[in-house]
Amino acid sequence: MKKLILAAAAAVLMSGAAYAEVIKIGVVGPFSGPFAIQGKNFKAGIDAYIATHGDKIGEDTIEILYRDVPQADPAQSKALAQELVVKEGVQYLAGFYFTPDAMAVTPLLQQANVPLVVMNAATSAIVTKSPYVARTSFTTWQTSAPMAKIARERGVEKAITVVSDYGPGVDAENAFKSTFEKEGGAVVESIRMPLSTNDFSPVMQRVRNSGAQAVFAFLPSGPTTLGFVKAYNENGLKDAGIQFLAPGDLTQESDLPAIGDSAIGILTTFHYSIAHDSPENKAFVAAAEKAIGNPAELSFPSVGAYDGMHVIYKMIEATGGKQDAQKAVDAVKGLSWESPRGPVSIDPETRHITQNIYLREVAKRDDGTYYNKEIKTFEKQPDPGLAAAK
Ligand code: PHB
């Protein structure tokens, strides 16, 4: 009898019939160095999702494997993704703060039979590099085009753009310029800075000399965005009445205390404010604050990661835990849900997230903390970037 039971159990195992499995998810991001706080936010969002939804999907249990790429480094990103797939046998890849790091991994996906859920990298074209990419963050096209409309509504006629010279910066410049000009404004000059730039005084001088009424800027959130906003204030541009316009990368909540009172009134457009007023967001923020430890460090990559986990859980559910990247990705095409940021869905054509973009103004609470106060909503925005590139 005992033998029979053992034989039956072995037969079930060998037939590949459903039994509890550990499903590994490899997450690549900056977990040390100058951008460590952004990676910490990936982890906080992932931990918050697991704390509120459990680590089991059906019979299967998930396991997260983290890999550190401190700064944009496509070669290191690719090597680590390869190691995760080949040595660790991850069924999913996720994370990716910087565009070049995400781009470097897309050629691996099809052969590896692994979906990639991008939790931050924001260049429109990433989703076109493989049919196995889905994205739960934003694109700089999506966040920057509304700012051009706001600028025109507020009477800005001449603007200058300043961006980091790589994917999301070039996209932000194109989004702002084309929208601003369509609305009747003129971009008098477009400056692209190397990603490594950290002395912004010469750029501020050019902005001053340009005769523009407003500067539109994009840099990837991190130490340099803080430096850029400080340089705008310290070089007298604010006092000279040159308006500062940017997507929300430039006023991430974790930077606001260091910018101080001079941040008050800065207008940005973005997909997520930690102060977003909804029950879903309150629950998320409570879980994410607990996960990150220091609430002052909470910032937008946490919500991209939290929603990225939602997408991965749906993929695992749909495939019953089996490794089938096509089926997994197909299962989330058209998926819609209530995110902490507001209502969202995965566009079935682009596999990028459709979402509200909010105009926000930096404000100060009575307790001295700063926040991005949502003051206007552009509802259900798809990514305009891919259509523009065609
Ligand atoms: C990117 O590299 O795509 C990126 C990084 C940080 C941001 C936005 C975009 O804040």
Side-chain angles (χ1 to χ4, degrees), residues 28-31 33-42 45 69-74 76-78 94-106 116-129 133-145 147 162-176 192-198 216-229 246-256 268-274 297-305 308 341 352-353 355 357 360 372 383 385-386 389:
V28 176
F31 297 106
F35 294 92
I37 200 171
Q38 311 303 116
K40 211 170 166 186
N41 271 277
F42 275 170
V69 181
Q71 312 208 30
D73 184 342
Q76 193 187 9
S77 174
K78 189 172 183 180
F96 298 92
Y97 187 68
F98 289 107
T99 287
D101 298 345
M103 287 284 196
V105 167
T106 55
L116 164 57
V117 177
V118 176
M119 293 173 164
N120 188 70
T123 301
S124 285
I126 295 170
V127 293
T128 66
K129 301 298 173 192
V133 180
R135 176 163 45 198
T136 54
S137 49
F138 58 98
T139 65
T140 50
W141 257 98
Q142 209 172 19
T143 54
S144 302
M147 186 42 95
V162 180
V163 301
S164 298
D165 190 8
Y166 80 123
V170 173
D171 275 8
E173 176 194 291
N174 286 331
F176 183 85
R192 295 181 182 179
M193 308 171 290
L195 199 48
S196 57
T197 306
N198 54 29
F216 169 83
F218 168 82
L219 296 87
S221 274
T224 50
T225 40
L226 181 56
F228 191 87
V229 178
D249 313 74
L250 278 281
T251 61
Q252 69 168 336
E253 283 80 354
S254 51
D255 283 346
L256 294 178
T268 56
T269 38
F270 217 34
H271 62 299
Y272 180 60
S273 161
I274 288 170
E297 288 183 340
L298 203 59
S299 177
F300 65 92
S302 62
V303 87
R341 67 188 95 173
H352 174 71
I353 194 161
Q355 58 191 332
I357 298 298
R360 310 102 45 82
N372 288 297
D383 177 25
L386 294 177

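Read the numbers this way: they start at 1 and go in the same order the structure lists the ligands and their atoms. Each residue takes its place number in the sequence, starting with 1.
- The shortest heavy-atom contact between N120 and Y97 is ND2-O, 2.9 Å.
- At a heavy-atom cutoff of 4.0 Å, ligand 1 is surrounded by Y97, F98, T99, N120, A121, A122, F138, Y166, P168, F218, P220, S221, D249, F300.
- Partners of Y166 according to the ring pair (Phe, Tyr, Trp, His ring centres under 6.0 Å) rule, which considers only residues two or more places apart in sequence or in another chain, do not exist here.
- Shortest non-hydrogen contact noted between H271 and T143 is N-CG2, 4.3 Å.
- Taking the six-membered ring for Trp and the full ring otherwise, the centers of F176 and F218 sit at least 6.0 Å from each other.
- Taken from CD1 in I353 to CD in Q142, the straight-line distance is 8.0 Å, to the nearest 0.5 Å.
- No side-chain N or O of N41 forms a donor-acceptor pair with one of E297 less than 3.5 Å apart.
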